[in-house]
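This chain uses plain numbering: 1 for the first residue, then up along the sequence. Heavy atoms only: backbone and side chains are in, while hydrogens, waters and symmetry mates are out.
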Amino acid sequence: MMLGRRIITTAATLLLVGLSASCDRLPGKPDEAARWKPPSEVVAFDQLYAENCSGCHGADGRLGAARPLNDPLYLALVNDETLRQVIAQGMPNTAMPPFAQQQGGNLTNEQIKLVVQGIRSLWAQSGQLQGSALPPYETGKTARSGDVTRGSLVYQAYCAQCHEPDGRSRPKGGSILDQNYLALVSDQSLRTTVIVGRSDLGKPDWRNNVPGRPMTPQEISDVVAWIASHRR
């Protein structure tokens with residue numbers, strides 16, 4: 001009698017083990033890599049970018065509402081620390097929010113590091129400058145502040161052919177003095193656009209507004225000051 005009970009118990013145990021093992025092979029059951037993870041544990045760049053960046057910067061880093069990140073010239077202009085700071089802290093008074101958890105965002109410091117590394121490894125390329133020296137990324141360190149009066153002259157020389165002399169018409173490049181636009185961009189964003197252009201929209205960089213006549217660092221600062229002076 002005892003032997004029979006042991007056989008039944010053993011058989012039942014083997015059946016449960018077999019069922020448990022077979023559950024892992026059921027059709028449609030996700031494997032370990034496909035199972036849900038808490039947002040703070042995601043480490044794949046594709047998922048981090050898709051869930052946090054693509055809505056503004058585009059699915060492939062281009063043709064979004066915000067600056068393209070799939071732009072080798074832009075990535076030559078900014079270093080990793082600048083990218084990290086912008087992602088972590090956002091850009092005040094613009095539509096770019098902070099993503100660091102310490103700032104109320106969703107990403108850990110390690111995830112921000114992975115996003116920066118992914119952007120750089122996928123979209124940075126060498127040979128973008130072709131012998132040219134990049135203007136300084138920002139004013140106040142190696143670039144002087146701009147002058148509004150000089151900036152008006154710089155605008156007419158380098159920008160009016162696309163944005164019209166008054167800066168408000170839209171033959172090619174749109175109205176850069178539109179108050180809705182100026183409310184969404186910082187002075188640094190304006191400066192970055194003047195320097196590296198918008199490759200996804202056909203906006204030339206600082207070397208090619210006028211063929212054979214690249215803008216000087218001071219001219220860049222001056223035209224940014226003039227554009228920003230129209231912000232209410």
Side-chain angles (χ1 to χ4, degrees), residues 37-124 128 134-146 176 179-201 203 205-206 217 220-221 223-225 227-229 231-232:
K37 294 180 180 179
S40 60
E41 295 181 10
V42 175
V43 294
F45 169 75
D46 288 349
Q47 184 175 350
L48 289 170
Y49 181 86
E51 294 178 354
N52 297 280
C53 314
S54 64
C56 291
H57 296 281
D60 189 37
R62 296 169 60 84
L63 295 174
R67 159 154 299 286
L69 299 175
N70 185 354
D71 181 352
L73 186 57
Y74 171 68
L75 294 177
L77 177 68
V78 298
N79 57 33
D80 287 359
E81 178 58 21
T82 298
L83 283 175
R84 189 199 67 76
Q85 287 184 3
V86 171
I87 296 170
Q89 301 174 14
M91 294 289 286
N93 302 317
T94 75
M96 173 62 184
F99 282 90
Q101 289 183 343
Q102 300 93 320
Q103 302 291 331
N106 300 323
L107 300 181
T108 66
N109 291 336
E110 182 61 25
Q111 287 174 319
I112 292 173
K113 179 180 176 181
L114 291 171
V115 170
V116 172
Q117 291 175 344
I119 291 171
R120 185 75 66 186
S121 64
L122 278 177
W123 297 324
Q128 293 301 305
L134 268 171
Y137 170 70
E138 57 187 339
T139 57
K141 293 183 178 180
T142 56
R144 293 179 0 189
S145 298
I176 57 172
Q179 290 303 310
N180 296 309
Y181 170 68
L182 292 177
L184 290 171
V185 296
S186 64
D187 289 4
Q188 179 58 56
S189 178
L190 291 171
R191 180 179 180 85
T192 300
T193 300
V194 172
I195 295 173
V196 302
R198 280 289 302 256
S199 59
D200 55 341
L201 300 178
K203 161 77 173 74
D205 60 54
W206 89 102
I220 292 169
S221 296
V223 77
V224 169
I227 295 171
S229 72
R231 187 188 291 117
R232 294 172 189 161

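Partners of Gln85 by side chain to side chain donor-acceptor pair (under 3.5 Å), not counting sequence neighbours, listed by chain and number: Glu81. For the side chain to side chain contact (heavy atoms under 4.5 Å, CB included) test, residues two or more places apart in sequence or in another chain that qualify with Asn109 are Gln102. Under the side chain to side chain contact (heavy atoms under 4.5 Å, CB included) criterion, Asn106 pairs with Asn52, not counting sequence neighbours.
Within the model, atoms CG of Leu77 and OG1 of Thr82 stand 8.5 Å from one another, a figure rounded to the nearest 0.5 Å. Here Asp205 contributes atom CG and Thr192 contributes atom OG1; the two are 13.0 Å apart, rounded to the nearest 0.5 Å.
A heavy-atom distance below 4.5 Å is found between the side chains of Leu107 and Phe99. In this structure, the side chains of Leu182 and Ile176 stay at 4.5 Å or more apart for every pair of heavy atoms. Side-chain contact check for Tyr74 versus Ile195: every heavy-atom pair is 4.5 Å or farther apart.
At a cut-off of 3.5 Å, with distance as the only test, a side-chain donor of Arg67 or Thr193 sits close to an acceptor on the other residue. Side chains of Ser221 and Arg191: a donor on one and an acceptor on the other come within 3.5 Å.
A salt bridge does not link Asp60 to Arg62: none of the charged nitrogens lies less than 4.0 Å from a carboxylate oxygen.
Between the side chain of Arg231 and the main chain of Val185, a donor-acceptor pair closer than 3.5 Å is present. Side chain of Gln111 to main chain of Pro39: a donor-acceptor pair is present (N/O by atom type, distance under 3.5 Å, no hydrogens or angles).
Atom NZ of Lys203 sits in a crowded spot, with more than 12 heavy atoms from other residues, nucleotides or ligands closer than 6.0 Å.
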